[in-house]
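Here the structure is laid out as structure tokens; the discussion comes afterwards.
Atoms within a ligand are numbered from 1 in the order they appear, just like the ligands themselves. Along the sequence shown, residues are numbered consecutively beginning with 1. Worth knowing before you read on, the calculation uses all heavy atoms, side chains too, and leaves out hydrogens, waters and symmetry mates.
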Amino acid sequence: MTSNRTARRTHNFTESVIRGMTRLATQHGAINLAQGFPNFATPDLIKHAAAEAIHADINQYAITWGSKRLRNVLAARYQEWYGMNVDPEVDLTVTCGATEAMATVLLAIVNPGDEVVVLEPFYENYGPDAILCEATPVFVPLRPGEPLDLDRLGAACSAKTRAIIINTPNNPAGRVLSRAELEGIAELSQRYDAYVVTDEIYEHILYEGEHIPVATLPGMRERTITISGASKTFSVTGWRIGWIISPPDVGGAIRKVHDFLTVGAPAPLQEGIAVALEQLPNSYYEGLSTDYRHRRDLLCGALVQAGFAVVPPEGAYYVLADFTGLSDLGDVAYSEWLTTEVGVAPVPGSSFYNDRALGRGLIRFAFCKTEDLLEEAAHRLIGMGSST
Ligand code: GLN
């Protein structure tokens with residue numbers, strides 16, 4: 001419902017479908033494969049570090065752009081992992097999750113009337129974030145299992161393009177952008193003098209290819225704004241710790257917006273993440289992909305057995321499943337039926353497309369769950385009856 005008592009900028013997007021499906025799953029006691037949050041614990045080391053920080057009275061505001069300890073270790077890790085030069089005093093801003101990071105970045109760089117290119121299917125925040133900046137999102141397809149059509153991306157860019165948003169590994173399609181695709185995006189951003197805003201929250205959850213931060217491509221550090229966070233890497237989605245790495249001349253605007261939106265991210269939890277980044281060995285990050293690969297294979301195998309068509313994701317922890325061989329229902333009705341009658345909640349595919357018809361035969365499952373829960377979901381899906 002829209003009302004003239006509310007600002008027009010709120011009229012052109014809806015509330016999150018993902019979180020709505022979580023509420024439906026809870027109401028019906030269904031297994032929640034809708035919202036992407038793990039049902040398993042973060043390592044003890046991280047829990048203890050945050051609890052210790054609370055007991056050590058690190059309970060007041062951290063520095064607005066992030067605790068020095070966290071910024072320092074982040075700069076060290078980006079250097080070690082990707083050879084990226086990050087000045088923790090200028091280039092880094094710690095935020096309340098990657099969600100705040102994306103909104104803050106766009107508010108800091110996008111003017112009303114600008115255009116923001118979004119690859120589709122997309123994570124549901126990007127369009128509303130652009131609309132909150134009174135900019136126009138422009139959509140370009142990036143389908144599971146298909147290469148990015150760079151000609152089509154080029155045709156969507158113009159002098160009005162302020163930013164190209166990418167998300168690799170991608171939610172919901174599981175695509176990992178290749179070097180050639182990233183080079184194509186980089187070339188277009190240079191040609192149209194646009195920023196690349198890159199959401200790399202799934203950077204450590206990878207099954208195929210390699211994770212290449214676009215900021216590491218030649219000439220791209222100064223026009224790329226990199227977003228990532230602790231939620232997925234350390235299974236702490238409720239802590240709301242994310243970060244932004246920006247070129248030096250944009251950091252000031254980003255930090256101002258962040259300051260007036262949130263003041264800062266939770267101080268003791270920043271310490272917990274700093275300890276994780278300082279102490280966890282590289283094998284932790286490798287183990288993440290290994291464990292998620294098992295879960296991916298378990299769920300994708302079950303989906304195929306149940307009659308869905310899937311392209312196994314190359315990264316991240318979601319799979320888009322085509323259910324048109326199983327039901328004539330639309331994606332919303334089918335998601336509700338699966339939740340209430342089968343006891344497994346997905347997200348309707350249309351929430352990831354601007355032209356909702358493109359998602360009508362698709363639903364998204366998250367597999368960031370323990371194997372026993374995935375096996376139970378698999379059992380229910382394989383054994384389900386007909387929806388009609
Ligand atoms: N990124 C997760 C998803 O796509 C969680 C979204 C959210 O609720 N913030 O499900």
* To do: Would you check, one step at a time, whether the test side chain to side chain donor-acceptor pair (under 3.5 Å) holds for Glu124 with Ser16?
  => CA-CA 7 Å; Glu124 57 175 17; Ser16 161; 2.4 Å; yes
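- Ligand 1 has a nitrogen or oxygen under 3.5 angstrom from a nitrogen or oxygen of Arg19.
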* When you look at Asn85 and Gln79, which way does the side chain to side chain donor-acceptor pair (under 3.5 Å) test go after all the steps? -> CA-CA 6 Å; Asn85 277 328; Gln79 179 62 248; 2.6 Å; yes
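- Closest to atom 2 (C) of ligand 1, if we only count protein heavy atoms, is Tyr318 OH, 3.2 Å.
- At a heavy-atom cutoff of 4.0 Å, ligand 1 is contacted by no atom of Tyr317, backbone or side chain.
- Neither the backbone nor the side chain of Phe37 comes within 4.0 Å of ligand 1, counting heavy atoms alone.
- The protein atom (non-hydrogen) at minimum distance from atom 6 (C) of ligand 1 is Tyr123 OH, 3.1 Å.
- With contacts defined as side-chain heavy-atom distances shorter than 4.5 Å, the pair Arg240/Thr99 qualifies.
- None of Tyr202, Tyr207, Tyr317 except one satisfies the ring-ring contact (aromatic ring centres under 6.0 Å, His included) rule with Tyr292; the exception is Tyr317.
- Per-residue contacts place Tyr202 under 4.0 angstrom from the following atoms of ligand 1 (heavy atoms of the residue considered): 1 (N).
- Neither the backbone nor the side chain of Val347 comes within contact range of ligand 1; no heavy atom lies under 4.0 Å.
- By the 3.5 Å distance cut-off applied to N or O atoms, Gly36 is counted among the residues near ligand 1.
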* To do: Starting from the C-alpha separation in whole Å, work towards a yes-or-no answer on side chain to side chain donor-acceptor pair (under 3.5 Å) for Glu203 and Tyr82.
  => CA-CA 11 Å; Glu203 63 191 306; Tyr82 308 121; 2.6 Å; yes
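- Comparing Arg364, Gln35, Glu124 by heavy-atom distance to atom 4 (O) of ligand 1, the nearest is Arg364.
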* Derivation and outcome, side chain to side chain donor-acceptor pair (under 3.5 Å), residues Thr64 and His258 -> CA-CA 8 Å; Thr64 291; His258 161 69; 6.0 Å; no
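- Ligand 1 places these atoms under 4.0 Å from at least one heavy atom of Ile18: 3 (C), 4 (O), 10 (O).
- Ring planes of His204 and Tyr285: tilted class, angle from 30 to 60°.
- Crowding of Glu80 atom CD: a count of heavy atoms from other residues, nucleotides or ligands under 6.0 Å exceeding 12.
- At a 4.0 Å heavy-atom cut-off, ligand 1 touches Lys232 through the side chain alone.
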